[in-house]
**Q** 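If you scroll down you'll find the structure; I have some questions about it.
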Amino acid sequence: MKNKTLVMLTLLSAVSFASLAQTQIIAHRGAWKNTNFPQNSIASLNAAIEQKLWGAEFDVHLTKDDVLVVNHDIDFYGIDIATSTYEELLTKKHPNGESIPTLEEYLKEGLKQDEVTLVLELKTNKLGTERTLKAADLTVAAVKKLKAKKAVEYIAFSYDACVHLRELDKKAKIHYLNGDKTPRELKDSKLDGFDYNLSVLKKHPTWIKEAKDLKLKTNVWTVNSEADMIYFLEQNVDYITTDQPELLRTVQEKK
Ligand code: MG
């Protein structure tokens with residue numbers, strides 16, 4: 001009888017623990033907004049790491065001479081990345097003095113710790129799908145070379161890139177960004193979940209539950225207002241990607 005009670009209590013506490021599973025915070029382009037560091041700089045990555053968030057997101061582009069670099073826009077202070085060499089990009093600097101980080105430099109910095117997940121957005125190359133897929137090949141190779149597989153999760157707007165990433169690495173975590181696939185379609189393509197714009201998830205209010213029922217991960221970007229933070233915390237999404245990780249943590253603690 002005593003044993004039965006113990007089993008029941010263990011089960012009950014497991015259930016209540018599961019229901020308390022918290023939405024995790026991902027800093028969008030590192031923690032830059034409240035720190036004044038440049039987006040996607042090594043400094044913004046380290047600021048996200050210092051905040052002990054779940055993840056730090058960053059964007060990866062391919063140069064003309066096949067170097068992977070970390071930046072959001074398709075240009076680095078006016079120099080177009082896809083049609084320029086890495087050497088040409090080094091003629092400009094971030095306002096804090098940093099050069100554009102290569103993917104390898106960025107990953108090496110992130111790998112100095114093992115608590116904050118590195119959320120790697122593979123950017124769509126403006127020169128076409130072939131270059132985007134080449135960027136995927138080189139990215140997966142770099143992650144493998146640096147033994148960063150466990151530290152990295154992938155996101156991409158290009159569905160072709162997501163499917164290609166899955167072919168390259170059967171175990172990688174891959175999430176689709178573009179908002180035009182149902183949870184069922186993502187599951188059928190063996191992707192791990194979605195990372196959709198908040199307007200997409202408001203327009204399709206059943207998708208979060210549908211994804212959860214399919215054991216897909218749910219992530220929403222870019223959630224910066226308190227009202228939207230509360231809306232998605234109440235939806236129990238797995239991750240919220242935000243420019244305001246400090247605010248999201250405060251909102252989460254108040255709830
Ligand atoms: Mg991004």
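Just so you know, ligand 1 is whichever comes first in the structure, and atom 1 is the first atom listed for that ligand.
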**Q** State, to 0.1 Å, how close Ser44 and Arg29 come at their nearest heavy-atom pair, and which atoms those are.
**A**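 That closest heavy-atom pairing would be OG-O, 3.4 Å.
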**Q** Could you walk me through whether Asp137 and His164 satisfy the side-chain hydrogen bond (donor to acceptor under 3.5 Å, both in side chains) test, starting with their C-alpha distance in whole Å, then the side-chain angles of each, then the deciding distance to 0.1 Å, before giving a yes or no?
**A** CA-CA 8 Å; Asp137 289 337; His164 190 57; 2.7 Å; yes
**Q** Once you measure the plane-to-plane angle for Trp207 and Phe194, does it fall in the parallel (<30°), tilted (30-60°) or perpendicular (>60°) bin?
**A**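 Tilted: the ring planes of Trp207 and Phe194 meet at 30° to 60°.
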**Q** Angle between ring planes, Tyr176 versus Tyr159, binned at 30° and 60°: parallel, tilted or perpendicular?
**A** perpendicular
**Q** Going by chain and residue number, what protein N/O/S atoms come nearer than 2.8 Å to the Mg ion (ligand 1)?
**A**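 Listed by chain and number, the atoms are Glu57 OE2, Asp59 OD1, Glu121 OE1.
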**Q** Students often mix this up, so state it plainly: with edges at 30° and 60°, are the rings of Tyr77 and His94 parallel, tilted or perpendicular?
**A**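 Taking His94 first and then Tyr77, their aromatic rings stand perpendicular (interplane angle over 60°).
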**Q** Any side-chain donor paired with an acceptor under 3.5 Å for Ser158 and Asp160?
**A** no
